[in-house]
Amino acid sequence: VAVGAKFTVNADETFYAQWIKQNTDGSIELPGKDGSMTTPEDNVLVTPDKPNGTVTKQPDGSAKVEGNSGTVNRPKDPDHLDQGKENIKVPDGTIVKPDGTIVLPDNGGTIKPGDKLPGATPTGYISVVYKANGGTGDDVIDLIKNGQPIKARTNTFTKGSQTFTGWNTAENSVGGTAYAEGDTIT
């Protein structure tokens with residue numbers, strides 16, 4: 001039933017309060033696969049990208065990214081929470097279900113909890129994956145429509161006292177292509 005809709009109750013009925021965690025940065029925390037907010041490792045966080053992004057709660061309990069892109073922080077594998085989380089940058093119009101299912105706009109496809117990117121990238125999109133490569137931090141994945149140019153991300157990973165020097169398409173940088181933060185990639 002949509003919010004504000006009228007309906008008829010023909011028998012005793014119980015109504016249960018529904019909750020979300022709306023954070024001061026505009027992000028919304030969803031319960032994840034277990035349906036409970038009591039397991040933070042399982043929770044899904046949907047954060048709007050600034051300056052124009054917003055995330056709004058939908059009547060079915062999902063969150064919608066609007067006005068810009070957003071980032072979904074969810075477990076890499078909801079059945080094995082010890083594997084950590086991943087951050088997936090999603091486009092405007094994306095719907096994130098309470099269990100972490102990502103529904104891309106314009107019939108762009110669905111990424112279910114436990115689907116592994118880049119292998120599960122929907123048709124018409126590519127996944128650009130940023131890995132810490134021995135450093136500390138959750139994987140970051142940008143979902144981008146085919147043919148859309150992107151800028152290489154600013155690094156958020158750390159590795160003790162070592163200094164980040166850039167990105168490379170090869171793990172050991174031998175034979176790969178090097179990119180600096182902010183480089184345009186087509």
Side-chain angles (χ1 to χ4, degrees), residues 1-81 83-117 120-125 127-130 137-145 148 150 153-154 156:
V1 177
V3 174
K6 293 181 182 181
F7 62 98
T8 302
V9 176
N10 295 318
D12 293 343
E13 187 68 64
T14 302
F15 292 91
Y16 297 92
Q18 300 296 298
W19 307 97
I20 63 164
K21 184 176 180 186
Q22 180 92 38
N23 300 311
T24 57
D25 65 355
S27 64
I28 292 178
E29 194 166 349
L30 301 170
K33 182 181 175 187
D34 71 0
S36 166
M37 295 297 281
T38 60
T39 313
E41 300 83 18
D42 182 55
N43 292 357
V44 176
L45 185 67
V46 185
T47 305
D49 289 344
K50 299 299 178 189
N52 302 326
T54 60
V55 176
T56 55
K57 172 97 186 267
Q58 302 300 295
D60 67 355
S62 62
K64 183 175 184 181
V65 175
E66 298 177 296
N68 204 342
S69 56
T71 300
V72 179
N73 176 268
R74 69 179 197 169
K76 288 182 185 177
D77 184 339
D79 293 324
H80 298 90
L81 299 178
Q83 292 184 9
K85 292 197 170 187
E86 61 189 358
N87 293 298
I88 305 171
K89 186 174 182 115
V90 296
D92 174 40
T94 297
I95 300 288
V96 182
K97 301 291 184 179
D99 69 352
T101 297
I102 298 170
V103 181
L104 296 169
D106 305 319
N107 298 316
T110 299
I111 304 164
K112 295 180 179 156
D115 283 354
K116 305 286 187 223
L117 296 173
T121 304
T123 302
Y125 285 83
S127 292
V128 179
V129 181
Y130 296 85
D138 295 332
D139 291 353
V140 178
I141 303 165
D142 289 346
L143 280 174
I144 298 158
K145 285 190 173 187
Q148 178 183 345
I150 64 164
R153 279 188 169 262
T154 299
T156 58

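Worth knowing before you read on, the calculation uses all heavy atoms, side chains too, and leaves out hydrogens, waters and symmetry mates. As the structure is a prediction and not an experimental result, all values here were calculated from the model.
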What are the two closest non-hydrogen atoms of [X] and [Y], and how far apart are they?
| X | Y | answer |
| --- | --- | --- |
| Gly109 | Pro122 | CA-CB, 4.1 Å |
| Pro113 | Pro78 | CB-CG, 3.7 Å |
| Thr47 | Ser27 | OG1-CB, 3.5 Å |
| Leu104 | Pro91 | CD2-CD, 3.8 Å |
| Ser62 | Lys97 | CB-CA, 3.9 Å |
| Ala120 | Ile111 | O-CG1, 4.4 Å |

Problem set entry | Gap between atom CG of Leu117 and atom OH of Tyr125 - 0.5 Å precision |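 Between Tyr125 OH and Leu117 CG, I get 12.5 Å after rounding to 0.5 Å.
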Exercise. Can you tell me how far the CG atom of Asn52 sits from the CD atom of Glu66, to the nearest 0.5 Å?
Worked result: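 Reported value, rounded in 0.5 Å steps: 12.5 Å.
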Problem set entry | Lys/Arg N to Asp/Glu carboxylate O, Lys76 vs Asp138, below 4.0 Å |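 The answer is no: the pair does not qualify as a salt bridge.
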Exercise. Does the side-chain contact (heavy atoms from CB on, under 4.5 Å) test come out yes or no for Leu45 and Asn23, once each step is laid out?
Worked result: CA-CA 10 Å; Leu45 185 67; Asn23 300 311; 3.6 Å; yes
Exercise. What do the steps show when you test Arg74 against Ile102 for side-chain contact (heavy atoms from CB on, under 4.5 Å), and what is the final call?
Worked result: CA-CA 10 Å; Arg74 69 179 197 169; Ile102 298 170; 4.1 Å; yes
For this session: Give the C-alpha distance, both sets of side-chain angles, the deciding distance and a yes or no for side-chain contact (heavy atoms from CB on, under 4.5 Å) between Ser127 and Asp142.
Result: CA-CA 6 Å; Ser127 292; Asp142 289 346; over 6 Å; no
Exercise. More than 12 heavy atoms of other residues, nucleotides or ligands under 6.0 Å from CG of Asp25: is that the case?
Worked result: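 More than 12 heavy atoms, drawn from other residues, nucleotides or ligands, come within 6.0 Å of this atom.
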For this session: For atom NZ of Lys116, decide whether the heavy atoms of other residues, nucleotides or ligands shown that lie under 6.0 angstrom number more than 12.
Result: yes
Problem set entry | Donor-acceptor side-chain pairing of Gln58 and Thr56 below 3.5 angstrom |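 There is such a pair (donor and acceptor under 3.5 Å, judged by atom type) between the side chains of Gln58 and Thr56.
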For this session: Check whether the side chains of Ser69 and Asp49 place a donor and an acceptor atom closer than 3.5 Å, and report yes or no.
Result: yes
Exercise. Pick one: which of Val72, Thr121, Thr94 meets side-chain contact (heavy atoms from CB on, under 4.5 Å) with Leu143?
Worked result: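 Looking at Val72, Thr121, Thr94, the match for Leu143 under the side-chain contact (heavy atoms from CB on, under 4.5 Å) is Thr121.
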For this session: Applying side-chain contact (heavy atoms from CB on, under 4.5 Å) between Val96 and each of Ile28, Leu30, Thr101, report the one that passes.
Result: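 Answer to the side-chain contact (heavy atoms from CB on, under 4.5 Å) test with Val96 among Ile28, Leu30, Thr101: Leu30.
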For this session: Report yes if some heavy atom in the side chain of Pro105 is under 4.5 Å from a heavy atom in the side chain of Asp92; otherwise report no.
Result: no
Problem set entry | Student check: side-chain heavy atoms of Pro48 and Asn68 closer than 4.5 Å | no
Exercise. Just by modelled atom types, is the Asp79 backbone N or O under 3.5 Å from a matching donor or acceptor in the Asp77 side chain?
Worked result: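 Answer holds: yes.
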For this session: Please check if the side chain of Lys85 supplies one atom and the backbone of Asn43 the other of a donor-acceptor pair under 3.5 Å.
Result: yes
